[in-house]
Amino acid sequence: MEARSQALLCQEVEAELRELCQECRKRFPVIKDYTERAIAKIRHHRDLVEQAAAEPAAPLPIRPPEFPLDEVLKSVLMACETFQSKIVLISLSCLQKLIHRRVLKDATVAIVINLMKEQATNGDEAVQLKVLQTIMATPAHMTLLNEVVVEQLMQLFYVLHNSNSPCVHHTAVAGLRHLAESLTDRAADDVERNGGMEGAASGSAFDSVRPVVRRSQTAPLPNVAPSQAPSMLSGVHRMLFVFTQDLCVMADYDASSLSSRYAVDAGERMRTGSREGYWLAQVKFP
């Protein structure tokens, strides 16, 4: 990251952490003290960046240390554990800055998404909207990093999908749609790179996929039956398979109305009360 971007990152994150200190000053002095230490490290980092930029022709240019991401994330995690709406909103705003500047390391992406999921579960509409704003602005190379990240993201969208707020619910639907498109595009690109559907490995893997929604001659309604992903599926194809299964469980499609989640007859809609998915261990119908 160039010196100017590093300096802007430091300024933006420091401003958010200062606001967090102010909010935690009375009720959460431990968080305030730790956040002040994080601010001191950010200032030191910024000073070194500016010093290196001022001496570009030095025989041994000064290499600034890495941005103190761990200290900032720990401050954010501690603040979010308070579950105080104003403090959480400031923390999420700080995360937005880190994501926008692409500072998050691969190892921290799943932690950040899990943190947002925990905050969304609390049910505060303002926090849920902030979480959605943050995750929708997260680039695909982060959200599709690996299966753990996609699993956490699916669980996050499920929580938001069941929100009492229509705005949150409909935005979560858009988020699920975007995730589905991203996974599908990534899977299609992978197939093209590896010789297309006729390739031996990919062809046999896709041949092993079985329908998730099954119909029975005796049962009046179709049965959604998730299963383990075929062993030959890996990478983005496995993620897309599991994601699609859990979407089917969430939808709980009805043979007559196509959307029993919104059926008038609640008893018909909730004929089992909940279903088991794969990433979604238990899908409950509100």
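The hydrophobic clustering, which links ILVMFWY residues whose side-chain heavy atoms are closer than 4.5 Å, places Phe243 and Met136 together. Clustering ILVMFWY residues whenever any of their side-chain heavy atoms sit less than 4.5 angstrom apart, transitively, puts Val109 in a cluster other than the one holding Val159. No chain of hydrophobic side-chain contacts below 4.5 Å, direct or via other Ile, Leu, Val, Met, Phe, Trp or Tyr residues, connects Val13 to Leu8. Cluster membership check: Leu17 shares its hydrophobic cluster with Ile87, using side-chain heavy-atom separations under 4.5 Å among Ile, Leu, Val, Met, Phe, Trp and Tyr. The hydrophobic clustering, which links ILVMFWY residues whose side-chain heavy atoms are closer than 4.5 Å, places Val148 and Ile111 apart.
Summarising the geometry, atom CD belonging to Gln245 is positioned 10.5 Å from atom CG belonging to Leu240; distances are rounded to the nearest 0.5 Å. Taken to the nearest 0.5 Å, the CE atom of Met154 stands 9.5 Å off from the NE2 atom of His161. In this structure, the separation between OG on Ser234 and CD on Glu147 is 10.5 Å, given to the nearest 0.5 Å. One distance of note links CG of Leu115 with OG of Ser91; it measures 8.0 Å at 0.5 Å rounding. Expressed to the nearest 0.5 Å, how far OG of Ser93 lies from CG of Leu98 amounts to 10.0 Å. Here the OG1 atom belonging to Thr108 is positioned 8.0 Å from the CE atom belonging to Met142, to the nearest 0.5 angstrom.
For the pair Gln119 and Met116, the minimum side-chain heavy-atom distance is 4.5 Å or more. Within the 4.5 Å cutoff, no side-chain heavy atoms of Leu144 are placed close to those of Val236. Residues Cys10 and Arg43 fail the side-chain proximity criterion, which asks for heavy atoms closer than 4.5 Å. When side chains are defined from C-beta on, Gln96 counts as touching Lys130, because their heavy atoms get closer than 4.5 Å. Side-chain atoms of Val131 and Val168, non-hydrogen and from C-beta on, never get closer than 4.5 Å to each other. Annotation: side chain of Val173 is in contact with side chain of His169 (closest heavy-atom distance under 4.5 Å). You'll find the side chain of Asn146 reaches within 4.5 Å of the side chain of Val149, heavy atoms only. Between Pro68 and Ile42, some side-chain heavy-atom pair lies under the 4.5 Å cut-off.
At least one donor-acceptor pair closer than 3.5 Å links the side chain of Gln128 to the backbone N or O of Ala120. A donor-acceptor pair is defined here as one N or O able to donate and one able to accept, closer than 3.5 Å; no such pair exists between the side chain of Gln6 and the backbone of Arg46.
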Report task. Please report the C-alpha distance between Cys94 and Leu20 in whole Å, then the side-chain angles of each, then the deciding distance to 0.1 Å, and finally whether the side-chain contact (heavy atoms from CB on, under 4.5 Å) criterion is met. Result -> CA-CA 9 Å; Cys94 185; Leu20 185 60; over 6 Å; no
Requested in this report: Would you sort out whether Lys32 and Glu36 count as a side-chain contact (heavy atoms from CB on, under 4.5 Å), showing the intermediate values?
Outcome: CA-CA 6 Å; Lys32 170 187 169 292; Glu36 285 178 342; 2.9 Å; yes
Query - Audit row: Arg18, Glu14, side-chain contact (heavy atoms from CB on, under 4.5 Å) steps and yes/no - result: CA-CA 6 Å; Arg18 281 189 170 283; Glu14 181 180 343; 3.3 Å; yes
Query - Criterion side-chain contact (heavy atoms from CB on, under 4.5 Å) on Val150 and Thr143, from CA distance to verdict - result: CA-CA 6 Å; Val150 178; Thr143 56; over 6 Å; no
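With sequence neighbours excluded, no residue satisfies side-chain hydrogen bond (donor to acceptor under 3.5 Å, both in side chains) with Thr138. Residues that satisfy the salt bridge (charged side-chain N to carboxylate O under 4.0 Å, His left out) test with Lys105, not counting sequence neighbours, are Glu66.
Side-chain contact check for Glu12 and His100: no donor-acceptor pair (N or O, by modelled atom type) lies under 3.5 Å. Using modelled atom types and a 3.5 Å distance limit, the side chains of Arg27 and Gln84 yield a donor-acceptor pair. With no hydrogens or angles considered, a side-chain donor-acceptor pair links His237 and Asp190 at under 3.5 Å.
Around atom NZ of Lys74, no more than 12 heavy atoms belonging to other residues, nucleotides or ligands sit under 6.0 Å away.
Residue pairs meeting the side-chain hydrogen bond (donor to acceptor under 3.5 Å, both in side chains) criterion with at least one member in residues 171-186: none, sequence neighbours excluded.
Counting all heavy atoms, side chain and backbone alike, Leu129 lies closest to Cys167 at CD2-SG, 3.8 Å. Among all heavy-atom pairs drawn from Tyr34 and Ser75, the shortest one is CD2-OG, 3.3 Å.
The existence of a salt bridge linking Glu71 and Arg37 is excluded, since no basic side-chain nitrogen approaches an acidic carboxylate oxygen closer than 4.0 Å.
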